[in-house]
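Every heavy atom of this structure was used, including side-chain atoms; hydrogens, water molecules and symmetry mates were not. In what follows, every chain begins at residue 1, and chains take the letters A, B, ... in the order their sequences are listed.
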Number of protein chains: 2
Amino acid sequence: MRPGAGRVTIADVARAAGVSIPTVSKVINQRDGVAPATIVRVQEVVAQLGYETSLVARSLRSSRTGVVGILVPEFEPFSTELLRGISSATTGTGYELLAYAGLVTGADQPGWERRSLSRLSGTLIDGAIVVTPTTALSSSSIPVVAIDPHTGPEGHATVDADNEDGAVQAVEHLLALGHTRIAHLRGRPDLASAQLREAGYRRALVTAGLPVDEGLVRDGGYQEDRSAAVARDLLTIPDRPTAVFAANDSSAVGVLRAAAELGLRVPEDLSVVGFDDVPQASTTTPPLTTVAQPLAELGSRAVEMLLTMLRGEPASDHVRLPTTLRVRRSTGPSPARVTPGA
Amino acid sequence: MRPGAGRVTIADVARAAGVSIPTVSKVINQRDGVAPATIVRVQEVVAQLGYETSLVARSLRSSRTGVVGILVPEFEPFSTELLRGISSATTGTGYELLAYAGLVTGADQPGWERRSLSRLSGTLIDGAIVVTPTTALSSSSIPVVAIDPHTGPEGHATVDADNEDGAVQAVEHLLALGHTRIAHLRGRPDLASAQLREAGYRRALVTAGLPVDEGLVRDGGYQEDRSAAVARDLLTIPDRPTAVFAANDSSAVGVLRAAAELGLRVPEDLSVVGFDDVPQASTTTPPLTTVAQPLAELGSRAVEMLLTMLRGEPASDHVRLPTTLRVRRSTGPSPARVTPGA
DNA sequence: CTGTTAGCGCCTTCAA
DNA sequence: TTGAAGGCGCTAACAG
């Protein structure tokens, strides 16, 4: 590293231009009270040295940074899709985006969002979008919008998809195909989304005048392996279900796997519906029928809400976007009669 | 907001615990030289107040932050896929991730990466992964790894996919199907990836003993609309090509559109190959045959290189990962004879 | 063991 | 029109 490398600071610029630091600051921030000639000279030096204000130093001093933070537990398909929606909705607004994955410690360390928020807020970011927070973020010093909070819409501003209605659509689709023994692999019972999807499942059955067989409701925990194990069991009971509504796509993939192992053909012998429509869903064998959440739109709506709040205007508290059933090949008419194993 | 809201600062903790600020700092950073009783008391207050050190303030002071920066021009499918690979390769390393899209101004503002890097480095992040930089980032104060740099591997550490070989695979696939008049819609001529893909196209033809008809090489600029326009022209010339190798998937989609407008069936009348394998590629009509880059792996390899560099160990300068042809439905045998328009 | 002092890079009064 | 002084939240040296 050559001498004087590191970063070019405002002091370097001031020295090179033969003025004081505050003068440089004024030029950069376009404050008036600087002689035209001085402005030009400073600008030249800035360009020549490739100086850029340090986001850090600036944010420590002044409250506004022009940066919106996206706090995620991890960058996986769900959050990256949101990110895309957020990104496209942000272009042209003058805000920059800073996505932060602060989950160093183990998986479901609760409170990761509080930690991240605390580390970034008050400094660095003017507002935040928190993805799938597990706790309430009531007392924050900056505007916050939560996307798909695990606790459901509480105090703060919230954007989510209509989980319950999506589940209803999924089950109604199966009912329309003539299925009557429809199982449900539910998600993590502590998450609002899982509760809502189960509620939708039950509501659809009840509406259709069918009883809910509690033996057909099992825990898949949103996980593929666990769901596969549970499905193996579920599909070998007497009078097995002819259709399974899995709480998410990972679970559905687990069911598909179990079915293949048991020699059950999908959809001839068994119909499977997932939830989320992750990219992988269209590449399974057969392609998975699933309920899609408008991820990109969830993201863009969240930014819009946040920007409104940043402008100091009142924003709607909760936005709920519709989900859409995506019919692919994993669902079909109910087999006339079910004989175990085939 | 309750009085004294905002952010809980180290001063608040110190006051509440009845100690000085540096003492709190020592406890937090687990430095020794603090009485056990004091440690406990401070920790209690920290927990109670929910205090977290400000990333900004800390980074301003100390050099190491434990945060790796990912600098992208924008969050779109390419960069978000990389992000996933980066994210999974980072878990368990103790590093946090900070993805920054600092592109406020127009689209291809050159030098966005310098600006972003300058704003974050020296503070905030310990190292950076820059996605598709348009210029060389030689003199940086922190370790930097570039993914798919538009200028090709130069001074700095680099990870990219084998663009040329991918193009060769694509064209050889078409040759194997009996095509001899194969057009190429090239990308932006200023980008290394585009140059390499064109080079692969030419090499494959030459290797097969076929002449390169310059009339079949057109500029698609990596853009769908522009490619559609160019394709409309290209597909109506006498002795039109029976296959098109587009420099990326967007261009390929443009070709598909143009073909549909002209009443050409794909793949019966025209075969189309893209490049990138964006998620959308599998949902076009028909699904697009394309060359896939191992995006997630590009990301994870980049992190590995960066972490090695951060450890002060020597790292390999350039990593080039193989590309894979993904054969779907947009390619088929060359039609026996081509009659214009059908 | 604890507290005081001195900045990190920048911006904002306020004087000169 | 310019510069000097102070402080944002924090940590690293020292002094007590």
What string of B, S and - do you get for nucleotides 9-16 of chain C, 5' to 3', if B is base contact, S is sugar-phosphate-only contact and - is no contact with any protein heavy atom under 4.0 Å?
BBBB----
Heavy atoms from other residues, nucleotides or ligands near CD of B/Gln30 exceed 12 (cutoff 6.0 Å)
no
Under 3.5 Å, side chain of B/Asp148 to main-chain N/O of B/Thr132, donor-acceptor pair present?
no
Distance col, row A/Ser79:OG vs A/Ile129:CD1, nearest 0.5 angstrom, shows 12.5 Å
Within the structure shown, what part of the strands sits under 4.0 Å from B/Thr38 by heavy-atom distance: base, sugar-phosphate, or nothing?
sugar-phosphate
Would you call A/Glu44 and A/Arg41 a salt bridge, taking side-chain N to carboxylate O under 4.0 Å as the test?
no
Any sub-3.5 Å donor-acceptor pair from B/Ser87's side-chain atoms to B/Arg84's backbone N or O?
no
A/Arg64 to A/Tyr95, cation-pi by 6.0 Å centre distance and 45° axis angle:
yes
Say whether A/Thr23 and A/Ser20, considering side chains only, have a donor N or O and an acceptor N or O under 3.5 Å apart.
yes
First contact, last contact: which nucleotides of DNA chain D are these for chain B, 5' to 3', heavy-atom distance under 4.0 Å?
D/dG9 to D/dA12
Has A/Thr80 got a side-chain atom pairing as donor or acceptor with A/Glu76's backbone, closer than 3.5 angstrom?
yes
